[in-house]
Amino acid sequence: MNSLEMLNGILEQQRAQLDLILTEQKKIRKDVTTRNWEDLEAHIVTLNYLSQQFSVLEEKRTKAYTQAKKDAGGKDILLGNPLFHMVHQKLAASRIENDALNNYISVTKNFLQSVFDNVVPQRRNTLYSSKGSIVHSKPESLVLNTLS
């Protein structure tokens, strides 16, 4: 097997791995929005495992690319490679999925912080950090009665 065939094989493995990663990311987002914490934990473990496998493939791809480029006389062989572009697109989709989840979590965190600040203020005075910015007080404890 020559270096270009090896590179294409690794790109195909990365494409398949990214399909699995994207599926897990969607499950994680669903778990967060439906507050299914047990499934969320299991999906995070699976995603971490898949990400580690992808990192190993990325190291192999880098080595195979270096060898294939050397064999091609320094010519960049990935520019016209459809598998490379597919992997690149799936990586972009994965980044978008991560950003969407991070934005959701950030908005939810800010909403809850404002509820805590208004409903359960722990301190009335304004606190400042060592850099001079305002530090929002965080509740020291909060117990909710969920029984009706």
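Model, not experiment: these values are computed from the prediction.
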Any chance [atom1] of [X] has more than 12 other-residue heavy atoms, nucleotides or ligands included, within less than 6.0 Å?
X     : atom1 : value
Lys90 : NZ    : yes
Glu41 : CD    : no
Tyr49 : OH    : no
His85 : NE2   : yes

Answer yes or no: is there a donor N or O on one side and an acceptor on the other, between the side chain of His88 and the main chain of Phe84, under 3.5 Å?
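Such a contact is absent between His88 side chain and Phe84 backbone.
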Do Ser106 side-chain atoms and Asn102 backbone N/O form a donor-acceptor pair below 3.5 Å?
no
Got [X] and [Y] here, is their nearest side-chain heavy-atom distance under 4.5 Å?
X      : Y      : answer
Asp31  : Trp37  : no
Asn110 : Ser114 : no
Tyr104 : Arg29  : no

Could you walk me through whether Leu4 and Tyr65 pass side chain to side chain contact (heavy atoms under 4.5 Å, CB included), step by step?
CA-CA 8 Å; Leu4 185 57; Tyr65 171 71; over 6 Å; no
Tell me whether [X] shares a hydrophobic cluster with [Y], the cluster being built from Ile, Leu, Val, Met, Phe, Trp, Tyr side chains joined at under 4.5 Å.
X     : Y     : result
Leu18 : Leu50 : yes
Leu83 : Ile77 : yes
Met86 : Met6  : no
Ile44 : Leu22 : no
Leu57 : Ile21 : no

Derivation of the side-chain hydrogen bond (donor to acceptor under 3.5 Å, both in side chains) call for Gln67 and Asp71
CA-CA 6 Å; Gln67 184 60 46; Asp71 292 347; 2.8 Å; yes
Is Asp76 salt-bridged to Lys69, going by a charged N under 4.0 Å from an acidic O?
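Looking at Asp76 and Lys69, the cut-off is not met.
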Kindly compute the distance separating [atom1] ([X]) from [atom2] ([Y]), expressed to the nearest 0.5 Å.
X     : Y     : atom1 : atom2 : answer
Gln14 : Leu7  : CD    : CG    : 8.5 Å
Thr23 : Leu47 : OG1   : CG    : 10.5 Å
Gln13 : Arg61 : CD    : CZ    : 13.0 Å
Lys26 : Ser94 : NZ    : OG    : 10.5 Å
Asn98 : Arg95 : CG    : CZ    : 9.5 Å
Leu11 : Asn81 : CG    : CG    : 5.5 Å

Exercise: identify the closest heavy-atom pair between Pro82 and Gly80
CD-O, 3.2 Å
Looking at every heavy atom in both Ala68 and Ser3, which two are closest together, and how far apart are they?
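Of all heavy-atom pairs spanning Ala68 and Ser3, the closest is CA-OG, 3.2 Å.
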